[in-house]
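First the structure, in the form of structure tokens, and then the observations on it.
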Amino acid sequence: FATVTMVTTIVANPKAPTPPLNGGATYIGEAVCIACHQVQNNHFAHTVHANAFRLNPKNEKEKVSCESCHGPGSNHIKDPMSPGNRVSLVGFTKEWGTPVALQTQMCLQCHDGGQRMFWQGSTHATHDLSCSDCHNPMAKVSATGLLKKASINETCYTCHQQQRAEFAKRSHMPVNDGKMSCVDCHNPHGSTSKTLLKADSVNETCYSCHAEKRGPFLWEHAPVRDNCLSCHNAHGSNHDKLLTVARPFLCQQCHGNAQGHQAPLFNSSGILGGGGAANIRIMSHSCQNCHSQIHGSNHPAGARFQR
Amino acid sequence: LADSAVGTSTVLGNAMTASNNAATPRDPEWQKPKHTPTGQMFELPPAVTKPGEAKKFANGWEYSGSIEFGYIGGDADERSAQFRTYSDPGNDAHLNTFNFKLRQPKTGHYVELNGGGAARDDQYYGVEFGRVNDWKVKLYYSEIPHVFTDRYGRIWNGVGSGNLTLLPGLTAGGTANTAADNAAVLAAALANQNTTLALGRERLGARLDVNLWTNWKGYLSYAVEKRNGARPLGSVWGAGGGTAPIEVPEPIEYDTEDILAGLMFADGLTALNVRFSASLFKNNIDTLTFQEPYRIAPPAGVTTTPAAGAYTQGTLDLTPSNTAYNLRAEFTRKLPDFHRGYFSAVVSAGEWRQDDNLIPYTSIPVVLTNVTTNANGGWNTVGALSRRSADQKIGTRLADLTLSLNPSDALNVKLKGRFNETKNANDPYLAVNPNAVYVDADAAAAGNQTRGLTFDGVTGVWGRLINDASGNAVLLGANANPNGNTPIKAPTFDSKQHRFGPTADYRLTKSSTLNASLEREVIERTQRERAKTWEDRAKIGYVNRGLGDSTLRVSYEYEQRRGSEYRASTFDGLFSSAIFPMPTTAGTNVSSWAVRTNTGMRAFDLSDRNRHKGNLRVDTMVRPGLDVGVSLQATDARHPDAAYGRSRQVLRSANLDVSYQPNPSQSGYLFFSQQFGRIVQSTIASANANLTIGLVTPLGTVTPANAIALGAGPGGLAFPLINAWTARNEERSQVFGGGFRQDFKSVSLNADYSRSIGRSRIAYDYTVGGAINAATAPIAGSRMPDLATDVDYLDVGVRVPLSASWAVRLVYRYQAEKIRDWHYYGLATTPVVAGNVANLPTGALLDAGPTNYRVDWYGAMVQLKF
């Protein structure tokens with residue numbers, strides 16, 4: 001029944017939903033707005049929104065400029081200072097108090113689809129975030145994206161301090177060095193992945209910069225093929241190469257074969273100067289001193305990832 | 001530049017960009033800070049040119065821009081790899097940033113140019129032009145340095161190339177005097193220990209975005225990236241795989257082309273995205289051939305090997321060139337008349353390909369002269385291989401469906417389903433050449449014999465030969481007899497993921513919502529220890545924006561993973577045991593058939609798992625100019641079926657943020673993050689005991705039927721319980737910092753400080769006389785030394801305006817790092833690690849590893865704004 005109803009609904013081609021606006025107010029034009037909001041206009045004039053609305057509007061909605069986002073302002077100017085009259089205009093600050101759902105609806109009137117195809121149901125939407133929790137459409141604070149902070153990363157860090165701390169660790173992605181942004185890997189507007197990855201999987205995300213790891217190799221290493229995060233922390237680590245645990249202990253979490261050298265307790269006596277015989281499986285790259293092609297080998301004799 | 005849906009390169013900048021931004025004065029007319037709906041302050045904007053005051057050319061084009069340049073002095077030339085990992089500071093003149101904008105108000109056309117770090121290894125440039133709300137073209141170029149080490153002890157010429165020749169004084173193949181060879185390698189490494197191994201990543205890209213028709217947009221982008229440099233790479237050498245590893249410099253000469261093309265439609269009711277992407281990766285150096293400086297001596301009694309010293313070089317097959325293609329379609333349709341719902345569907349298909357030419361097992365023609373593939377060529381030719389090129393393909397498939405409905409004004413329900421597959425589209429590589437006929441002189445039978453597909457051929461695949469060296473011939477010693485653990489076939493790791501379940505969001509009040517979700521994820525894998533795993537997840541979350549001036553977000557999730565039968569040794573079908581059945585004769589050593597991975601071991605990505613996750617976040621507006629954010633995260637995962645392997649993982653994090661911005665001339669911030677992580681793992685050190693048919697073991701008498709269960713079982717001869725050991729890996733991290741900006745009339749002062757502390761401790765438990773013997777136990781103690789990193793960063797700037805257009809910014813930067821890593825202890829003075837200088841070394845580990853640094857540098861920068 002649901003399928004039939006849904007198909008019927010699609011065939012019926014209903015009108016796109018539009019938000020109920022400001023108690024039936026009418027448009028007053030941006031000149032009236034600017035008369036009181038000159039400082040805001042000084043900054044708004046430098047935004048891509050202002051340029052689009054004022055220099056090359058595509059429809060009637062864009063032509064009304066301020067009111068295309070805030071809604072028609074006739075009820076607002078009747079009593080602009082009264083907190084009780086804030087329902088007469090859509091605002092995008094906590095002070096103003098417009099429900100988040102309505103704020104988002106206003107933005108999606110123009111920004112629906114594209115990069116925001118999966119906003120609904122995304123982690124950020126589920127946590128009731130508003131577009132203006134990250135964006136400030138009224139001023140050009142950031143180089144791109146009309147963000148609330150000077151950069152993409154600083155904007156994300158305002159909620160994701162855990163990741164900010166990881167990017168400050170011994171080995172890390174070059175995010176705080178200004179060479180990467182969170183958006184290189186994640187789509188904060190929603191994606192089909194739970195962690196808002198832009199690609200279909202963790203590995204495909206990593207391959208977008210590390211294509212040499214993609215292979216497919218003649219001899220593949222199961223956890224590498226399965227998920228880069230089996231061994232690496234994506235953001236940063238106290239260990240070399242973003243590893244989750246120091247080698248050889250990392251490798252020994254899966255490798256415990258009786259033959260050879262997988263299962264011994266490699267201990268501090270094997271460190272150079274540790275008092276015992278220096279152990280090659282502890283020093284430097286540890287297991288990768290020999291198994292150096294650990295992401296996969298294309299050598300016909302590379303079964304052990306040594307060539 | 002940023003496209004949050006596709007592609008990388010979403011930002012242009014470098015490590016100096018933030019410093020410049022911090023010094024920019026705010027607009028004094030913007031008096032009152034506002035907060036986001038969550039309650040975090042919007043950053044006050046910088047002062048801008050007012051409308052009508054923009055500078056114009058005679059033709060009506062408005063222009064504006066700024067530039068910052070100056071000189072940096074002090075310790076900015078410091079070479080430490082930690083200091084320069086992703087940046088390129090230096091003591092010299094510096095064009096830090098610039099931007100220039102043109103705008104034609106009559107038509108909406110514009111041009112924007114920006115860049116920075118000119119002539120340095122972290123430089124970047126961008127140009128964007130077009131017509132607002134119509135079309136735009138973006139061009140960009142960015143360089144990212146990546147310094148791996150500045151303390152590599154070079155012993156070869158040709159670093160960065162695919163052919164490494166030993167420095168003068170070192171002998172390819174070594175000499176008859178191993179002690180002299182060790183001394184020569186040590187002297188060469190120490191004499192060249194200041195060698196930097198680094199990678200440079202240069203990316204050039206272009207993108208066109210255009211409004212095609214009403215509701216239709218399109219984009220086309222192309223980027224080419226070149227990576228050049230070298231990095232340390234282990235290379236084992238000699239005696240079958242365990243002796244004298246030498247750290248060679250792997251050359252990097254990669255080219256990657258990324259192509260993206262897409263169409264987007266949205267009319268408020270229906271949305272459609274179609275995207276094609278291609279990634280073309282080329283490694284311009286296929287193999288690395290390196291001369292080796294040591295003499296691999298034939299073992300006693302071997303008469304069929306090349307003369308000692310014949311093994312002069314080794315060859316590594318470097319990462320192969322590959323291509324990847326993907327076609328993706330995304331569709332969403334609103335259903336306003338059907339419970340105000342929507343329906344979305346995504347389908348995506350792709351393929352990864354790699355068909356590099358393969359290289360022979362060995363480059364030494366005289367190896368195995370008594371074993372030749374007379375039909376196809378010798379071991380040093382590709383004729384001995386089962387195929388001449390890799391011929392590897394993996395197909396990827398994705399389908400993702402969502403139906404969202406609102407049965408009431410307060411309730412939203414979504415049904416989600418997802419299928420994702422990666423599948424090898426080629427036959428796995430056969431290490432045995434099924435077409436070859438091996439002729440050999442078997443010590444066990446006089447004269448040459450034709451054996452067809454024999455163990456001798458198999459032997460050539462693994463062990464001695466892989467090192468391009470070793471004096472051992474395959475027909476001698478134990479190798480004359482079949483064994484059961486020689487890889488003869490490559491595994492293929494296909495996987496299918498199914499994920500489905502409902503979610504619900506319920507609006508409790510105008511300002512609070514409750515959300516919940518149930519989900520099952522089923523993953524089927526080939527060639528893994530578990531053919532199938534399934535994980536059930538339940539999550540509940542609560543958001544309240546109405547707690548006075550605060551916003552609360554809290555969630556809890558429980559996950560439970562289980563799976564099909566776990567087979568600790570899953571590769572048996574890929575070993576020579578598939579050709580040679582386990583011997584059944586009493587007294588026969590069957591260790592290579594029966595003794596595998598401890599059957600109690602569980603790979604942590606497949607084992608049973610019970611995981612709890614909790615998140616809490618509170619944002620509070622304490623005063624109009626002061627807000628505070630607190631967040632807590634905790635994860636606790638246990639693996640109940642993992643008697644050995646990873647048994648538990650704990651992660652905890654606590655974070656505090658304070659933002660202060662009472663007016664445009666003052667701002668400040670503080671932050672603190674504390675993280676703790678623990679991973680517990682255990683295993684049993686092998687007793688290296690042989691298993692023979694008929695042998696009585698603690699687990700029973702060995703028969704061909706029970707040999708594997710007895711051979712790999714905990715408590716058996718190979719894995720006596722006394723050899724069990726446990727390790728606890730504990731991570732502690734603190735990151736804290738703060739900063740401020742204070743304007744004194746026209747002069748601005750800003751400072752930013754942060755300190756990052758990382759500690760990693762690995763403690764272990766064992767039984768003396770078991771995993772560690774009584775003699776070693778006193779020096780082994782109970783833990784490894786702590787891995788420690790302390791990083792300090794301070795950036796102070798004073799900006800003094802000289803006029804409306806000119807200003808001077810004085811910068812002071814302090815950076816320091818203290819690092820201790822036991823992996824590299826002693827390698828700066830002893831890169832050639834040898835228990836006995838007369839023997840082949842334990843290893844020639846030429847990278848001395850990271851070291852401390854402390855840097856102060858100063859900058860005087862001139863700013864021009866127009």
Side-chain angles (χ1 to χ4, degrees), chain A residues 9 14 16-17 39 42 45 51-52 55-56 93-94 112-115 128 130 133 139 144 148 150 161-162 165 168 170 174 177-179 181 183-184 187 192 200 211-212 216 218 225 238 245 253-254 256-258 263-265 267 269 271-273 275 278 280 284 289-290 292 298-299 301 303, chain B residues 4-5 8 10-11 13-15 17 21 29 34-37 45 51 86 108 132-133 144 234 236 245 264 266 268-269 271 281 317 319-320 336 338 392 394 398 400 429 466 487 493 543 595 598 601 603 646 653 655 673 683 685-686 718 725 729 735 756 758 760 771 779-780 789 826 843 845:
Chain A
T9 306
V39 174
N42 292 344
N51 287 334
L55 305 185
N56 189 23
T93 64
K94 189 171 182 70
D112 194 19
Q115 304 174 16
D128 209 21
S130 162
D133 273 317
T144 58
K148 70 177 179 183
Q161 300 102 325
Q162 187 179 5
R170 170 187 173 180
D177 307 273
K179 289 301 182 183
S181 90
V183 178
D184 278 327
N187 181 354
T192 56
D200 291 345
E212 76 280 5
L218 211 59
R225 166 75 180 274
N238 288 338
V245 172
Q253 290 187 19
C254 292
N257 199 306
L265 171 53
N267 57 76
S269 71
I271 297 170
L272 194 55
I280 189 64
S284 190
N289 289 326
C290 301
S292 52
N298 225 45
H299 193 289
Chain B
S4 64
T8 56
T10 58
V11 64
N14 63 20
T17 307
N21 290 341
E29 295 184 355
K34 297 289 179 65
H35 292 75
T36 69
Y86 296 120
V132 291
N133 217 17
I144 307 176
V236 70
M264 298 184 290
L269 198 64
F281 168 77
D317 195 338
T319 188
F338 184 61
Q392 297 293 301
I394 291 178
L398 170 75
D400 190 291
Y429 176 71
I466 68 164
F493 300 112
V543 179
V595 182
N598 173 349
M601 192 92 175
R646 181 190 293 184
S653 167
N655 309 280
S673 290
T683 190
S686 166
W725 58 270
N729 310 272
V735 180
S756 174
S760 301
I779 49 176
T789 312
L845 304 174

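Quick note on labels: first sequence line is chain A, next is B, and so on, each numbered from 1.
Ranked by non-hydrogen atom pairs under 4.5 Å with chain A, the options Ala266(B), Gly108(B), Ser760(B) are led by Ser760(B). The greatest number of non-hydrogen atom pairs below 4.5 Å with chain A, out of Ala685(B), Gly826(B), Pro37(B), is found for Pro37(B). Most heavy-atom pairs under 4.5 Å with chain A: of the set Val735(B), Asn598(B), Asn655(B), this distinction falls to Asn655(B). Annotation: maximal heavy-atom pairing with chain B below 4.5 Å, among Ala45(A), Gly273(A), Pro264(A), occurs at Pro264(A). For the set Ala271(B), Pro45(B), Ala15(B), the count of heavy-atom pairs under 4.5 angstrom toward chain A peaks at Pro45(B).
Scored by the side chain to side chain donor-acceptor pair (under 3.5 Å) test, Ser292(A) finds no partners at all (sequence neighbours excluded). Residues satisfying the side chain to side chain donor-acceptor pair (under 3.5 Å) criterion with Lys94(A), sequence neighbours excluded, are Thr551(B).
When heavy atoms are compared at a cutoff of 4.5 Å, Thr36(B) approaches chain A by way of both its backbone and its side chain. Both the backbone and the side chain of Ser686(B) come within contact range of chain A, judged by heavy atoms closer than 4.5 Å. Contact of Thr17(B) with chain A is not made at all, since no heavy-atom distance falls under 4.5 Å. For chain B, the nearby part of Ile271(A) is the side chain; its heavy atoms alone come within less than 4.5 Å. With a 4.5 Å cut-off on non-hydrogen atoms, Asn14(B) touches chain A through its backbone and its side chain both.
For the side chain to side chain contact (heavy atoms under 4.5 Å, CB included) test with Asn133(B), the passing option among Leu55(A), Asn56(A), Asn51(A) is Asn56(A); the others fail.
Across every non-hydrogen atom of Asn267(A) and Ala780(B), the tightest pair is OD1-CB, 3.4 Å.
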